[in-house]
Amino acid sequence: MKDLLTKNLNPSQAEAVFFTKGPLIIFAGAGTGKTRVITHRIAYLLSLGVTPWSILAVTFTNKAATEMKQRVNDLAPQAGANVWVSTFHSFCAYFLRVEAKKIELNPDFLIYDFADQKNVIKDCLRELNIDEKKFKISTIVNKISRAKDDLKSSSDMAVAADIDDDFVGTTTATIYQLYQKKLDRVGALDFGDLIMRTVIALQQYPALLEHYQEKYKYIMVDEYQDTNHAQYMFVKLLAGKYHNVCVVGDDDQSIYSWRGADVTNILNFEKDYPDAKSVKLEQNYRSTPKILTAAGQVVKHNSERIDKQLWTQNSDDGSVSVVTAVNENDEAAKVIDLILLKTLRNQYNLSDFAVFYRTNAQSRTFEEAFIKAGMPFVIIGTLRFYDRAEIKDIMAYLKLIHNPNDNVSFKRIINIPKRGIGKTSLESLEKFAILKDISIWQAIPFALEAGLTKNAVVALNSFRQLVKAFTDLKNNASVKEIAKKVITYSGYSKDLENENTPESKSKIENIRELVSAIDNFEHRSTDKTLAGYLTQVSLISDIDSLDESKGKVTLMTLHLAKGLEFNNVFLCGLEEGLFPIGKSAFDSEDLAEERRLMYVGMTRARKHLYLCWATERTVYGETKWNIPSRFIEEAGFKDELAEKKQVFQKSQNFGQGFNRTRWNDTGNSGGYKKYAKVEVKYRNDNSYDYIPSDDEIIKDAPLYTPTEDASPYKIGTLVSHPVFGKGKIIEKNGAGNDLKLVVLFETGQWKKLLARIANLTID
DNA sequence: TAGCCCGGCGTTTTT
DNA sequence: CGCCGGGCTA
């Protein structure tokens with residue numbers, strides 16, 4: 001077996017695979033075969049006679065987990081199936097359900113997602129009489145989530161805020177406390193709770209910890225650079241007895257610090273385990289040398305990183321090109337031109353192309369351009385299937401059936417379809433429920449007492465009957481049957497049928513898709529209960545089903561691109577202010593993370609990488625001037641950018657690039673929906689009489705003369721303000737009397753100012 | 001109660 | 001520019 005495995009591995013990979021006793025850290029650069037190492041290591045352990053049940057491999061995404069599981073199965077056909085490969089969250093959800101009774105937890109707990117969290121926070125603010133404008137809901141959700149990532153309770157937060165004399169912190173802690181109370185009362189856990197409660201349980205119940213330490217003698221963690229403190233503790237606890245812990249990661253690909261990920265986890269691994277073995281994987285199997293060099297040059301600008309030098313035996317040069325566009329439409333047109341010509345030359349299929357951007361807002365332009373071009377594409381992640389209103393509605397019914405005390409779901413569907421229970425009625429009922437410390441569901445019998453109108457009481461009771469009837473089904477009917485009954489008897493489908501609009505038709509389609517998804521779940525899953533279904537759903541994401549994108553160009557944000565690879569990659573919107581985004585250029589840590597994101601994007605490319613930027617971009621209805629992202633220069637294109645600027649000055653005509661006139665507007669946009677997965681049929685038009693080269697498209701763009709910018713205020717200009725002091729212009733919009741500036745002051749605060757009245761002096 | 005209008009706001013979001 | 005949510009009116 002060892003020989004068999006060795007054949008597939010390079011020396012460092014083999015070193016990692018065959019090191020099985022004690023802590024091991026694998027620094028795996030992009031494309032160096034880390035999944036191969038993990039899966040082969042598992043196979044090797046199994047070949048040594050390690051029981052599959054004692055191996056635990058954790059990842060961050062379901063997609064990664066599924067893929068890993070598949071590959072382990074391929075390598076070790078029988079035993080492989082019994083290795084536990086899952087995400088942190090699904091492992092913890094499983095753990096908490098199984099051990100619920102021991103740790104005094106309701107085993108029927110619901111899992112609240114971001115939207116649910118926001119709803120609860122909103123209630124908290126109302127209850128505590130806090131102005132939503134002063135305390136932004138999503139900010140609070142984030143703060144609470146970060147606290148949980150750090151294993152901090154509301155009282156921890158309160159104490160810390162008190163010491164720092166931090167009013168905002170104190171208030172947030174108060175909100176956190178009430179929020180937690182609401183979750184506890186309902187029996188709901190948010191994502192952070194899944195990890196935190198698991199860690200707390202392991203800490204509080206030594207017998208439980210002992211049991212799991214004994215059970216999982218071998219632990220492997222993928223993407224270790226993205227672990228937060230709670231996940232770190234989870235791993236540390238589980239591995240506490242045998243120390244057979246193998247972590248794999250790349251500090252250069254740490255892009256989730258804003259979500260609580262703590263790179264020091266990977267940087268300090270050798271401190272945590274002094275006897276740890278460390279292996280660096282540096283041979284890249286994905287990209288051509290040019291791409292690797294460019295990506296390496298970019299990430300080298302970060303100071304605090306573990307030095308590594310990716311290299312490749314790949315002899316194909318590949319290419320890295322800068323694509324300069326006039327504006328965002330031109331950028332999209334050029335991307336499409338390049339894709340089109342490469343597919344027309346039969347060099348590549350559409351699925352060989354990916355378009356990455358920094359913000360979701362950028363996807364719109366591409367969406368429109370692709371539809372216009374009749375080029376099939378798929379946008380990942382803008383709106384998840386399970387985030388669609390109609391799906392959430394049906395899911396809310398299912399959640400309520402599972403747990404009628406779920407106030408968030410209750411409020412979502414109490415008047416959907418309309419039952420004549422409006423805002424006022426609901427508000428009074430909720431107030432009553434809070435007063436009596438019961439759920440809204442439990443408050444229904446007291447509706448009259450709560451001051452609701454007769455009509456509302458009648459409607460409320462019939463709603464109660466409806467849900468009760470569904471609940472009675474729970475033990476005898478499958479999830480699918482329940483769902484079907486809900487869709488019909490709630491009146492939901494009838495409502496949509498009556499509406500009879502394109503939107504309502506698409507909603508009906510989606511609901512059908514949901515039913516077949518449930519059907520699929522029942523065929524695949526071992527736990528076929530409603531609870532099992534709800535758990536599974538709350539832990540999946542859109543990218544998990546990326547495989548469907550065959551024959552289509554893939555569009556997504558850079559964050560979602562991690563772990564993927566494509567022959568041709570377009571990195572778009574490479575402009576200062578957009579990427580690196582906003583004010584991140586002024587904070588060295590933020591900038592470093594942006595740079596890592598750039599590095600991740602670049603290293604997705606196998607053969608050709610296009611760095612795209614537009615001199616002008618309309619954002620939120622305002623047209624802004626841009627300068628190319630520093631990352632283009634850092635990738636080694638300083639001279640080329642200088643050349644581009646010269647071409648700009650000379651050119652006159654604009655927007656007559658290749659085949660932009662060739663695409664007419666009759667391209668099939670019939671099936672177009674503004675949803676996560678947009679599919680458009682390819683318009684089979686063979687009327688291309690001239691196919692230009694890459695270069696012609698790339699060089700053709702800057703046919704544009706920017707109007708002279710006469711204002712003395714430029715991005716980067718140092719200014720003084722009579723009140724705020726010295727600062728630097730970091731953004732500018734509009735012109736003349738409307739010229740608006742964003743100035744970052746030395747105090748650290750930034751202000752939006754109207755140049756006309758701001759009374760700025762240039763330093 | 002429900003529908004319309006207006007004003008504010010807009011970075012990324014593995015689970 | 002478009003979306004969402006709050007508040008006002010029929």
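Numbered from 1 within each chain, the chains take letters A, B, ... in sequence-line order. Side chains are part of it too, since the values below use all heavy atoms of this structure and drop only hydrogens, waters and symmetry mates.
- Residues E593(A) and R419(A) each lie close to DNA chain B; by heavy-atom proximity, the contact nearer the 5' end of the strand is made by R419(A).
- Residue whose closest nucleotide on DNA chain B sits further toward the 5' end, between D590(A) and G420(A): G420(A).
- At whole-Å resolution of the value, CZ in F114(A) and C1' in dT14(B) are 15 Å apart.
- For N415(A), the listed nucleotide lying nearest its side chain is dA2(B); candidates were dT14(B), dT15(B), dA2(B).
- The phosphate of dG3(B) (OP1 or OP2) has no side-chain N or O of K423(A) nearer than 4.0 angstrom.
- The side chain of S538(A) contributes no N or O atom lying less than 4.0 Å from OP1 or OP2 of dT15(B).
- For the pair F234(A) CZ and dT15(B) P, the computed distance is 17 Å after rounding to whole Å.
- The nearest whole Å value for the distance from the CD1 atom in I255(A) to the P atom in dT12(B) is 13 Å.
- Minimum atom distance to the side chain of T424(A) is reached by dT1(B), of the listed dT1(B), dG6(C), dT11(B).
- Atom CG in N228(A) sits about 15 Å away from atom P in dT14(B), given to the nearest Å.
- In this structure, CD of Q231(A) is placed 14 Å from P of dT14(B), rounded to the nearest angstrom.
- Closest to the side chain of R126(A), from the set dT13(B), dT15(B), dG6(C), is dG6(C).
- Heavy-atom contacts from other residues, nucleotides or ligands closer than 6.0 Å to OH of Y94(A) number 12 or fewer.
- Within a 6.0 Å sphere centred on NZ of K411(A), heavy atoms belonging to other residues, nucleotides or ligands number more than 12.
- When all heavy atoms are compared, the tightest approach of I26(A) to C246(A) is CD1-SG, 3.8 Å.
- Minimum atom distance to the side chain of R358(A) is reached by dT11(B), of the listed dT11(B), dT14(B), dT15(B).
- Within 4.0 Å (heavy atoms only), N142(A) reaches no atom of the nucleic acid at all.
- Under the 6.0 Å distance and 45° angle rule, R419(A) does not count as a cation-pi partner of F463(A).
- When distances run from any side-chain atom of R364(A) to the nucleotides dG2(C), dT14(B), dT12(B), the shortest one goes to dG2(C).
- Distances shown here put a side-chain N or O of K136(A) below 4.0 Å from the OP1 or OP2 atom of dG10(B).
- Contact annotation for F88(A): no contact, since no heavy-atom pair falls under 4.0 Å across all strands.
- Here the closest heavy-atom approach between residue L578(A) and residue T359(A) is recorded as CD1-CG2, 4.1 Å.
- When the side-chain nitrogen and oxygen atoms of N455(A) are compared with OP1 and OP2 of dT1(B), none of them lie within a distance under 4.0 Å.
- Under 4.0 angstrom from either OP1 or OP2 of dG10(B) there lies no side-chain N or O belonging to N360(A).
- Under 3.5 Å, the side chain of R259(A) and the base of dT14(B) form no donor-acceptor pair of N or O atoms.
- Looking at heavy-atom distances under 4.0 Å, K418(A) makes contact with sugar-phosphate atoms alone, never a base.
- In this entry the distance linking CG of D131(A) with C1' of dG6(C) reads 12 Å, nearest Å.
- A close approach under 4.0 Å does occur between a side-chain nitrogen or oxygen of S425(A) and OP1 or OP2 of dT1(B).
- Nucleic acid contact class of Q536(A) (heavy atoms, under 4.0 Å, all strands): none.
- For the 3.5 Å distance criterion, the side chains of N265(A) and T227(A) qualify, holding a donor opposite an acceptor.
- In this model, the phosphate group of dT15(B) is approached by a side-chain N or O of N62(A) to a distance below 4.0 Å at OP1 or OP2.
- With dG10(B), dT13(B), dT14(B) as the candidates, the nucleotide lying closest to the side chain of H559(A) is dT13(B).
- Taking the charged nitrogens against the carboxylate oxygens, K431(A) and E427(A) have no contact shorter than 4.0 Å, which rules out a salt bridge.
- Checked against dT14(B), dC1(C), dT15(B), the side chain of L539(A) finds its nearest nucleotide in dT15(B).
- In this entry the distance linking CG of D387(A) with P of dT13(B) reads 12 Å, nearest Å.
- Under the stacking criterion of a centre-to-centre distance below 5.5 angstrom and an interplanar angle below 30°, W258(A) sits stacked against the six-membered ring of dT12(B).
- Between T61(A) and dT15(B), a side-chain N or O to OP1/OP2 separation shorter than 4.0 Å is absent.
- Rounded to whole Å, the distance from CG on D222(A) to P on dT14(B) is 17 Å.
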